[in-house]
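Below: the structure, in structure tokens.
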Amino acid sequence: MDKNYDFKTVEDKWRKDWDKKELFKFSFKEGDRLFVVDTPPPYVSADHLHAGHIMSYAQAEFIVRYKRMQGFKVFYPMGFDDNGLPTERFVEKKYKIDKSRTTKKEFIELCLKETEKGIETYRNLWNSLGISVDWSKTYSTIAPLPTKVSQWSLIDLYKKGVLYRQELPILWCPHCQTAISQSDLEDKEKNSKMNYLSFPIENEESVVIATTRPELLPACVALYFNPTDERYKELIGKKAIVPLFNQEVSFKTSEAVDKEKGTGLMMVCTWGDQEDLEKWRMDNLETKSLLTPDGKLNELGQKYQGMKIEAAREAIINDLKEQGFLIRQEDITHSVNVHERCDTPVELILSKQWFIKIADLKEKWLEMGKKIAWHPEYMRDNYEIWVNSLKWDWCVSRQRYYGVPFPFWYCSDCGEVILPDEKDLPVSPTEQKAPVNECPKCGGSIIPETDVMDTWATSSCTPFLLKEMIGNDQLFPVDLRPNAHEIIRTWDFYSIVKSTYHFNAIPFKNIMVSGHGLDEQGKKISKRLGNYVPSDQLVDEWGADAIRYWATGAGLGQNLRFNPKEIKKGKQIVTKLWNVAKFIDLNLTDFEEKEIKLETPDLWILKEMNETIKKATESFDNYEYAKAKGEIEEFFMSKFCDYYIEFVKYRLYGEDNESKKAAQTTLKKVFINILKMFAPILPFITEEIYQNFAKESIHISSWPKAEEVKDEPDFIEAISAIDEIRKYKSENQISLGAELEEYKLQTKVNLDKYGEFIKKAIRVKEIK
RNA sequence: GGGCGAUUAGCUCAAUUGGUAGAGCACUUCGUUUACACCGAAGGGGUUAGAGGUUCGAGUCCUCUAUCGCCCACCA
């Protein structure tokens with residue numbers, strides 16, 4: 001063995017070896033125990049890989065390697081989420097193009113090109129980190145099979161009556177020009193002005209209303225106050241005139257109006273916010289649709305027609321001021337719902353879209369959530385909070401180019417929906433003919449649906465996509481879904497929705513939720529802040545094992561700071577394992593194990609080892625890789641290196657062959673189990689060392705089993721005695737290697753039994 | 001405003017069911033020793049955020065307060 005451990009050469013060697021031997025390729029036969037992992041398919045548009053990515057994927061992979069050693073046949077494919085808005089936005093930004101100013105064909109080609117690149121970037125990183133996925137089973141969400149499964153899913157939902165198409169006020173992104181869903185929203189603090197406007201009342205004085213959105217005045221349809229509000233009681237039955245636009249609106253009351261907010265009077269427009277929508281729905285108010293899909297005022301805006309929202313707001317405020325309707329203004333900051341992909345404030349517009357029923361089935365979603373084992377447990381709360389906050393059905397249609405098409409055609413006359421035959425899936429309605437030439441109901445002509453699916457409508461199929469990839473229903477539900485907490489409300493929730501509707505089953509039995517990677521100051525790592533070292537540089541500098549070690553630093557659900565010291569510590573452990581390996585290797589000879597007569601220190605370390613195996617196994621079983629690492633490391637560094645190796649040196653160098661063999665056997669046995677326990681976390685160094693002893697990969701070897709060992713309970717006293725002498729030597733500045741002539745021991749210990757051992761282990765000639 | 005997490009040594013974190021607060025890093029001192037200077041040994045360092053309560057006993061359970069993070073709500 002080389003004197004120094006060269007991680008670059010070694011890690012590269014095993015990467016190639018595993019790849020060549022297809023070590024992680026999935027295969028199983030009847031009776032095998034399966035472990036199916038539904039890994040988050042990353043957006044290929046996320047081209048800035050950093051420690052946070054390493055952390056979350058490594059944490060899941062610790063469990064995967066552990067399960068494999070436990071004898072499970074692991075199905076661990078990798079997917080890529082490459083369709084939909086994220087990719088389009090990425091391409092738009094990168095090539096500085098606008099969807100509306102390029103042809104659909106060119107645009108899709110660029111998306112596909114970037115998709116390919118993205119997959120390569122990810123694949124390189126996973127490989128360098130030793131993420132043991134089965135690369136022969138890779139999917140991308142826009143490929144034929146996933147498209148087929150996503151389309152089948154929609155057809156099934158349609159047949160079950162839970163997918164419907166309706167014209168409704170929906171969440172709309174004026175920048176991306178597409179419908180979006182509640183889960184695509186993000187909060188953003190914005191500076192704004194609260195405008196206090198005077199609304200004249202017929203034959204009377206005016207009332208004052210506060211609003212941040214005067215540009216919605218043309219769509220104002222009613223004014224509301226709280227029924228207990230004495231100030232406005234007598235307004236019922238009267239009408240106010242909307243400033244500038246002059247439509248008459250009536251006063252209404254609602255318990256939901258807060259007397260303390262603004263002036264206690266609220267204007268309802270169609271539609272500025274959730275509250276508007278609810279009043280509109282409840283009181284059956286008039287519909288005044290004001291916005292165009294690109295976020296401009298339509299003809300209802302009169303002289304402001306064609307202006308963008310912000311421009312119209314400014315112009316209207318100016319005119320209000322001029323004509324004396326603006327009483328006063330206040331600077332405020334408030335949070336605004338923006339589209340998370342582009343930061344544009346979202347609007348509500350009337351549009352015909354496809355929806356999946358979710359808002360009325362909260363109880364069902366909660367019930368399904370309870371059937372899943374959440375790691376950590378409290379993450380279920382996050383899920384339940386989201387479910388309870390649902391207000392809208394899931395809008396799954398998007399007016400974009402690069403995505404999985406809806407598998408539907410319509411009758412242009414009666415609107416009848418035409419479904420394809422399931423055996424013809426996948427289909428692309430805009431490019432192929434419908435299964436019928438004319439509407440079977442009215443004989444009208446057929447037009448294709450041009451919408452594509454929301455990205456989550458495709459990725460939420462992965463739990464049952466996996467079984468389709470293998471063609472075996474036993475793979476569903478999957479055993480483990482690992483992901484970060486921000487996609488509980490999307491990927492996880494929608495997966496639960498779909499599996500419930502399709503199979504009345506949970507999609508995954510276990511979910512492990514990871515935290516975020518933070519920079520050294522504790523800030524979330526993000527592309528915008530640039531506060532990260534690219535992942536490939538990290539691996540190059542420290543090696544995969546050391547980085548993976550760092551990833552054990554936070555328990556499930558916890559954020560983890562980037563910390564070079566912890567990576568260094570990982571490197572130190574790798575080096576330590578290497579040095580121990582050299583030491584043991586040098587002193588090993590072949591012998592028959594049955595002749596061995598173990599001595600007290602041997603029994604002690606074996607007993608300690610079995611305790612460690614028990615604890616590490618339990619921790620890994622509970623997805624607590626951080627705890628497992630702590631237990632293994634403590635045993636290796638303190639018990640094995642600091643004590644046991646020191647205890648047996650004199651036997652290894654001595655003349656008593658029987659005693660020497662016992663020490664050697666124990667060293668080897670314990671060390672191999674240490675390697676095995678470290679293997680899920682440090683796959684490279686453990687493989688390198690293990691294959692010096694064994695001819696197979698450590699990663700398909702079996703996880704150690706704890707055995708019962710009868711040790712000598714009073715041996716602990718001998719260890720205390722050795723501690724005492726170590727301390728004495730250190731305090732008196734004597735080298736640990738120097739032999740003391742004589743020492744008077746304070747610690748109570750059975751010297752008849754352990755005197756000789758202590759003298760030799762810590763080098764003292766005479767103990768009193 | 002509601003909820004969920006967190007707060008333990010200078011730093012990063014442990015602490016089974018309530019039972020003498022522990023590691024690593026950093027710091028101080030020592031040690032070239034035949035696995036390891038990519039090293040080893042020893043040492044100093046804590047009113048467990050604060051205040052109450054339950055208990056023979058609280059880092060751990062309860063109540064309140066403060067600070068931080070996240071989720072949800074908040075556009076009148």
Side-chain angles (χ1 to χ4, degrees), chain A residues 1 3-5 187 190 192 194-197 208-213 216 223-226 254 256-269 272-276 279 332-337 345 376 378-386 388-391 485-486 488-489 515-516 518 520 522-524 553-555 557-561 563-566 568-569 571-587 615 618 626-627 630-631 633-634 637-638 641-642 645-646 649 652-653 667 723 725-738 763:
Chain A
M1 287 171 88
K3 189 166 187 319
N4 290 318
Y5 180 65
D187 287 351
K190 297 241 171 179
S192 181
M194 184 63 78
N195 304 283
Y196 289 82
L197 306 182
V208 178
I209 282 179
T211 179
T212 54
R213 302 205 57 186
L216 295 178
L223 300 178
Y224 276 79
F225 58 89
N226 190 295
S254 163
V257 175
D258 185 339
K259 288 191 266 188
E260 306 302 317
K261 277 193 182 175
T263 61
L265 267 179
M266 166 187 177
M267 75 170 187
V268 169
C269 307
D273 62 12
Q274 190 65 33
E275 209 55 57
D276 287 352
K279 303 274 174 303
I332 57 157
T333 55
H334 62 172
S335 68
V336 176
N337 276 331
Y378 68 79
M379 282 293 173
R380 185 189 282 112
D381 293 346
N382 269 12
Y383 171 78
E384 294 188 349
I385 287 169
W386 175 251
N388 283 321
S389 77
L390 285 173
K391 289 189 169 145
H485 53 70
E486 78 271 7
I488 290 176
R489 69 182 195 173
H516 280 295
L518 305 177
E520 282 180 80
K523 282 211 177 87
K524 187 175 165 181
Q558 309 250 290
N559 294 339
L560 178 60
R561 279 192 197 204
N563 184 351
K565 277 180 193 156
E566 278 300 300
K568 211 172 148 187
K569 175 101 179 294
K571 236 187 136 171
Q572 201 183 0
I573 301 242
V574 168
T575 304
K576 194 87 176 173
L577 284 165
W578 181 251
N579 286 324
V580 171
K582 275 192 301 181
F583 174 69
I584 293 178
D585 187 43
L586 288 172
N587 292 288
K615 287 184 200 160
E618 196 189 329
K627 211 170 163 188
E631 277 138 7
E633 181 181 311
E634 149 78 13
M637 293 293 268
S638 308
C641 291
D642 294 350
I645 289 183
E646 296 304 321
K649 274 181 181 169
L652 297 175
Y653 301 136
L667 275 173
D723 282 340
I725 301 172
R726 269 188 189 168
K727 187 171 164 183
Y728 172 81
K729 283 188 172 183
S730 179
E731 279 172 353
N732 291 281
Q733 309 185 359
I734 297 162
S735 152
L736 281 178
R763 292 173 210 186

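Computed from heavy atoms alone, side chains included, the values below leave out hydrogens, waters and symmetry copies. The structure displayed is predicted, hence computed values, not measured ones.
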Legend entry - Check: A:K571 side chain, B:C38 base, donor-acceptor under 3.5 Å: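 No.
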
Legend entry - Base B:C72 to side chain A:S389, donor-acceptor N/O within 3.5 Å cut-off: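 Donor-acceptor pair under 3.5 Å: no.
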
[N] pairs with, by Watson-Crick or G-U criteria that keep both distances under 3.5 Å:
| N | value |
| --- | --- |
| B:G5 | B:C68 |
| B:U17 | none |
| B:C25 | B:G10 |
| B:U32 | none |
| B:G52 | B:C62 |

Whole Å only: how far is the [atom1] atom of [X] from the [atom2] atom of [N]?
| X | N | atom1 | atom2 | value |
| --- | --- | --- | --- | --- |
| A:I573 | B:G24 | CD1 | C1' | 10 Å |
| A:I385 | B:G5 | CD1 | P | 9 Å |
| A:K615 | B:A23 | NZ | C1' | 14 Å |
| A:W386 | B:C70 | CH2 | C1' | 15 Å |
| A:E618 | B:U17 | CD | P | 10 Å |
| A:H485 | B:G69 | NE2 | P | 14 Å |
| A:E633 | B:G22 | CD | C1' | 14 Å |
| A:K576 | B:G24 | NZ | P | 12 Å |

Is the distance from OP1 or OP2 of [N] to the nearest side-chain N or O of [X] less than 4.0 Å?
| X | N | value |
| --- | --- | --- |
| A:K627 | B:U16 | no |
| A:K727 | B:G43 | yes |
| A:R561 | B:U12 | yes |
| A:Q733 | B:A42 | no |

With distance as the sole test, does [X] use its side chain to make a donor-acceptor pair with the main-chain N or O of [Y] at under 3.5 Å?
| X | Y | answer |
| --- | --- | --- |
| A:N559 | A:G515 | no |
| A:K729 | A:A738 | yes |
| A:D276 | A:V268 | no |
| A:S730 | A:R726 | no |

Given the [atom1] atoms of [N] and [M], what is the spacing between them in whole Å?
| N | M | atom1 | result |
| --- | --- | --- | --- |
| B:U8 | B:U55 | P | 29 Å |
| B:G19 | B:C62 | P | 15 Å |
| B:A51 | B:G5 | C1' | 22 Å |
| B:G57 | B:C70 | C1' | 36 Å |
| B:A42 | B:C25 | P | 12 Å |
| B:G44 | B:C27 | C1' | 9 Å |
| B:C11 | B:A26 | P | 15 Å |
| B:A21 | B:A15 | C1' | 8 Å |

Inset, instruction - Report the residue (A:R213 or A:I734) whose heavy-atom-nearest nucleotide on RNA chain B is the more 5′ of the two. - result: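 On the 5' side of the pair lies A:I734.
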
Inset, instruction - Between A:N559 and A:V336, name the one whose nearest nucleotide on RNA chain B is closer to the 5' end. - result: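 Final value for this comparison: A:N559.
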
Just to be sure I understand the rule, does [X] reach a base, reach only the sugar-phosphate, or reach nothing, if contact means heavy atoms closer than 4.0 Å?
| X | result |
| --- | --- |
| A:K565 | sugar-phosphate |
| A:V257 | base |
| A:E384 | nothing |
| A:T211 | sugar-phosphate |
| A:M194 | sugar-phosphate |
| A:D276 | nothing |
| A:K649 | base |
| A:D381 | sugar-phosphate |

Inset, instruction - Decide yes or no for A:V574 and A:Y5: does some side-chain heavy atom of the first lie under 4.5 Å from some side-chain heavy atom of the second? - result: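 Heavy-atom side-chain distance check passes, below 4.5 Å.
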
Inset, instruction - Report yes if some heavy atom in the side chain of A:K576 is under 4.5 Å from a heavy atom in the side chain of A:C641; otherwise report no. - result: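 Yes, their side chains come closer than 4.5 Å.
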
Inset, instruction - May I ask you to say whether A:E633 pairs ionically with A:K569, meaning some side-chain N is under 4.0 Å from a carboxylate O? - result: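 Here A:E633 pairs with A:K569 in a salt bridge, since their nearest N and O are under 4.0 Å apart.
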
Legend entry - A:N579-A:K582 side chain donor-acceptor pair, cut-off 3.5 Å: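 There is such a pair (donor and acceptor under 3.5 Å, judged by atom type) between the side chains of A:N579 and A:K582.
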
Inset, instruction - Report the nucleotide, chosen from B:G40, B:C75, B:C71, that has the shortest atom-to-atom distance to any side-chain atom of A:R489. - result: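 Closest nucleotide to the A:R489 side chain: B:C71.
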
Inset, instruction - Among the candidates B:G31, B:A41, B:C25, find the nucleotide nearest to the side-chain atoms of A:D642. - result: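 Out of B:G31, B:A41, B:C25, the nucleotide with an atom closest to A:D642's side chain is B:A41.
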
